[in-house]
Amino acid sequence: MPTHYLSLHPDNPQPRLVAQIAARIQQGAIMAYPTDSSYALGCHLGDKEAMDRIRSLRNFGKRHLFTLVCANMTEVANFARVDNWHFRLLKHTTPGPYTFLLTASHQVPRRLLDGKRKTIGVRLPDNRIAQALLAELGEPILSCTLLLPGRELPFSEPWEIQDELSNQLDLIIDGGPCGYEPTTVVDLSGDDPHIVRQGKGPADALGL
């Protein structure tokens, strides 16, 4: 089935198209969509087959972790253990280009957990299209950076994605050009909070 290419306004995404995309995701589609760092791959949280398709596309094994891209702190708290200081830090830095590793709740499917540590990555993106999709879905998007094997940088332009991945994705969401820089990853799951990967999100905003 050919890839469906949809152009959305980056500041005011068309509600009709957002609803179409959300319906396709709920039916098992995988998509490329814009975030505040780079383009990402996403699918329905509960769809193992769609998740496996993304794993195959990215060519990574079962140990590589996905991120739950969330609409708000209520969703984060549903899927992760959020203490008071976690809440204050996330409220201060999000929406923004950060991924936070937190202890997962029982709502997270076991196949998504980080082995013995039982952690999950959560993210609240500062991107109107991603936010509109999350609001329409009413649940997180299972997501990872759109970085293909052999490439040093993730995709930034939707036309590049179309040229490279035509017929391998169900949906390409054109929200205009994104950046190349990944999120800053912050581990908040233990007694020693620390930055795992410095990316686009400023370290000094974290106060760690």
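Placement of Ile21 and Leu165 in two distinct hydrophobic clusters is found when ILVMFWY residues are connected by side-chain heavy-atom separations under 4.5 Å, directly or transitively. Note on Leu89: it does not cluster hydrophobically with Val196, by side-chain heavy-atom contacts below 4.5 Å among ILVMFWY residues. A continuous path of ILVMFWY side-chain contacts below 4.5 Å connects Val186 to Phe79, so both sit in one hydrophobic cluster. Leu6 and Ile172 are assigned to two separate hydrophobic clusters, defined by single-linkage of ILVMFWY side chains at heavy-atom distances under 4.5 Å. In the hydrophobic clustering of ILVMFWY residues, with side-chain heavy atoms under 4.5 Å counting as a link, Trp159 and Leu8 come out apart.
Side-chain contact between His4 and Arg24: present, with at least one pair of heavy atoms (C-beta onward) separated by less than 4.5 Å. Between Tyr180 and Ser38, the closest side-chain pair of non-hydrogen atoms is not below 4.5 Å. Contact of the Pro95 side chain with the Pro125 side chain is not registered, since no non-hydrogen atoms from C-beta on lie closer than 4.5 Å. A 4.5 Å side-chain heavy-atom check between Tyr39 and Pro154 finds every atom pair outside the cut-off. Looking only at side-chain heavy atoms (C-beta outward), Ser37 and Arg123 come within less than 4.5 Å of each other. The closest side-chain heavy-atom distance from Ile120 to Leu112 is below 4.5 Å. Within the 4.5 Å cutoff, the side chain of Ile54 has no heavy atoms near those of the Leu142 side chain. Between Tyr33 and Val69, some side-chain heavy-atom pair lies under the 4.5 Å cut-off.
Between the CZ atom of Arg88 and the CG atom of Asn84 there is a distance of 6.0 Å, given to the nearest 0.5 Å. Separation of atoms CD (Gln162) and CD (Glu157) is listed at 12.5 Å; rounding is to 0.5 Å. Taking NZ of Lys118 as the reference point, atom OG of Ser105 lies at 13.5 Å (rounded to 0.5 Å). Separating the CG atom in Asn59 from the CG atom in Leu147 is a distance of 11.5 Å, to the nearest 0.5 Å. Atom CG of Leu171 is separated from atom CG of Leu133 by 9.5 Å, given to the nearest 0.5 angstrom. Here Asp36 contributes atom CG and Tyr98 contributes atom OH; the two are 10.5 Å apart, rounded to the nearest 0.5 Å.
With hydrogens and angles ignored, the 3.5 Å screen pairs a side-chain donor or acceptor of His86 with a backbone N or O of Asp83. No side-chain donor-acceptor contact under 3.5 Å links Gln26 to the backbone of Ala29. Asn72 contributes a side-chain N or O that, together with a main-chain N or O of Thr74, makes up a donor-acceptor pair within less than 3.5 Å. Looking only at distances, no side-chain donor or acceptor of Ser143 sits under 3.5 Å from a matching main-chain atom of Thr67. Judged by distance alone, the side chain of Tyr5 and the main-chain N or O of Ser166 form no donor-acceptor pair under 3.5 Å.
Evaluated for a side-chain contact (heavy atoms from CB on, under 4.5 Å) with Leu188, the options Val122, Val82, Leu90, Thr103 yield exactly one hit, Leu90.
A salt bridge links Arg53 with Asp170: the closest approach of a Lys/Arg side-chain nitrogen to an acidic carboxylate oxygen falls below 4.0 angstrom. A salt bridge does not link Arg111 to Asp52: none of the charged side-chain nitrogens sits closer than 4.0 Å to a carboxylate oxygen.
When only modelled atom types and interatomic distance are considered, Arg197 and Thr183 share a side-chain donor-acceptor pair under 3.5 Å.
Heavy-atom minimum distance, Ala40 versus Thr35: CB-CG2, 3.9 Å. When all heavy atoms of Asp174 and Gly176 are compared, the pair lying nearest together is OD1-N, 2.9 Å. Nearest approach of Gln131 to Asp126, heavy atoms of both residues: NE2-CA, 3.8 Å. The heavy-atom pair separating Asp47 from Gly28 by the smallest distance is OD2-CA, 3.1 Å. In terms of heavy-atom proximity, Gly121 sits nearest to Leu101 at CA-CD2, 3.8 Å. Ile141 and Leu137 make their closest contact through CG1-CD1, 3.6 Å (heavy atoms, listed as atom of the first residue, atom of the second, distance).
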> After noting the C-alpha distance and the side-chain angles of Leu41 and Ile30, does the key distance pass the side chain to side chain contact (heavy atoms under 4.5 Å, CB included) rule?
Replying inline: CA-CA 7 Å; Leu41 295 169; Ile30 63 173; 5.8 Å; no
>> For a side chain to side chain contact (heavy atoms under 4.5 Å, CB included) check, start with the C-alpha distance between Leu148 and Leu146, then their side-chain angles and the critical distance, and finish with the verdict.
In response: CA-CA 6 Å; Leu148 295 185; Leu146 209 177; 4.1 Å; yes
> Do Leu124 and Leu134 pass the side chain to side chain contact (heavy atoms under 4.5 Å, CB included) test, and can you show the C-alpha distance, the side-chain angles, and the key distance before you say yes or no?
Replying inline: CA-CA 10 Å; Leu124 293 95; Leu134 289 163; over 6 Å; no
>> Set out, in order, the CA-CA distance, both residues' side-chain angles and the distance that settles side chain to side chain contact (heavy atoms under 4.5 Å, CB included) for Phe100 and Thr94, then state yes or no.
In response: CA-CA 10 Å; Phe100 295 96; Thr94 63; 3.8 Å; yes
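Within a 6.0 Å radius of CZ in Arg58, other residues, nucleotides and ligands contribute more than 12 heavy atoms.
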